[in-house]
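Take a look at the structure set out below.
Note on naming: letters A, B, ... go to the chains in the order of the sequence lines (proteins, then strands), and numbering restarts at 1 for each one. As the structure is a prediction and not an experimental result, all values here were calculated from the model.
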Amino acid sequence: GESVGLHLPTLSVQEGDNSIINCAYSNSASDYFIWYKQESGKGPQFIIDIRSNMDKRQGQRVTVLLNKTVKHLSLQIAATQPGDSAVYFCAENPLMSSGSARQLTFGSGTQLTVLP
Amino acid sequence: DGGITQSPKYLFRKEGQNVTLSCEQNLNHDAMYWYRQDPGQGLRLIYYSQIVNDFQKGDIAEGYSVSREKKESFPLTVTSAQKNPTAFYLCASRRDRGSGELFFGEGSRLTVL
């Protein structure tokens, strides 16, 4: 079956540097993508989302880039802080051929560690 | 404040016992979901409900059961038929059934002894 996957399971960055977390998806019918942050022992928190009619969206210190040609999604975090240490998941919302949406499918996540 | 409340946060159970995890939301969301998370892995969908008195199986429904008698509540029962129930369980809700973000609870960690 089709699934969302991540290029790297772990990422370590120096405090203050920018972080880039990547995600590959295989369902070309997906029209909506979300990034979540999950701290240890807690539920995932919404970070930012993007629809397939866009290729970039910016939030506070975060930017999501969508490249539909190569089915790639990335999350950029500017000036990474210790509080950014967490697991980051991408999720896609594939459309069915009928035009209705299926449920969100999650990738396995990337552990981001911010080094002092 | 609006949100999703899961209880208990930690639960221990002996093999062969059923256990029910509670999930309550006051966001007035139509859709609710249960996910299972194993260490180092992503979220897998167990069951979801898009409207009261209706629910659908997700990808790993075997050994689980749910009910949706009220809009606010979506309890999950982990039955003795679930062969490997030790996991972190996450409940979520969504305003619209087919789009938009999921709002998650803080999770319930079930350990089978």
(request) With a 4.5 Å heavy-atom cut-off (strictly below), which parts of residues 39-47 of chain A touch chain B? List them by number. (result) A:G41, A:K42, A:G43, A:P44, A:F46
Extract all donor-acceptor atom pairs below 3.5 Å that involve side chains of residues 76-86 of chain A and protein atoms in other chains or at least two apart in sequence.
unit_1 : atom_1 : unit_2 : atom_2 : d
A:T80  : OG1    : A:D17  : O      : 2.7
A:T80  : OG1    : A:S19  : OG     : 2.7
A:D84  : OD1    : A:R61  : NH2    : 2.9
A:D84  : OD2    : A:R61  : NH1    : 2.9
A:D84  : OD2    : A:R61  : NH2    : 3.3
A:D84  : OD2    : A:Q81  : N      : 2.7
A:S85  : OG     : A:P82  : O      : 3.3
A:S85  : OG     : A:V114 : N      : 3.0

(request) With sequence neighbours left out, write down each residue that passes ring-ring contact (aromatic ring centres under 6.0 Å, His included) with A:F33, or none if nothing qualifies. (result) A:Y25
Indicate if [X] and [Y] have the same hydrophobic cluster label, given that clusters are the connected sets of ILVMFWY residues with side-chain heavy-atom separations under 4.5 angstrom.
X	Y	answer
B:V66	B:Y48	no
B:V19	B:W34	yes
B:V52	B:F74	no

(request) Decide, yes or no, whether a salt bridge links A:R51 with A:D49 under the criterion of side-chain N to carboxylate O below 4.0 Å. (result) no
(message) If I measure from the heavy atoms of chain A, does B:L102 come under 4.5 Å with its side chain, its backbone, both, or neither?
(response) both
(request) Under 4.5 Å heavy-atom distance to chain A, tell me which part of B:Q6 shows up: side chain, backbone, both or neither. (result) neither
(message) Is there a side-chain contact between B:L43 and B:Y33 in this structure, where contact means two heavy atoms from C-beta onward sitting under 4.5 Å apart?
(response) no
(request) Supply the atom-to-atom distance B:I60 CD1 to B:I46 CD1, rounded to the nearest 0.5 angstrom. (result) 5.0 Å
(request) Have a look at B:K71 and tell me which of B:I51, B:L27, B:D30 forms a side chain to side chain contact (heavy atoms under 4.5 Å, CB included) with it. (result) B:D30
(request) Under 4.5 Å, heavy atom to heavy atom: which of residues 81-93 of chain B reach chain A? Give them by number, or say none. (result) B:F88, B:L90
(message) Can you see whether A:Q103 engages B:Q56 through a side-chain donor-acceptor pair at a distance of less than 3.5 angstrom?
(response) no
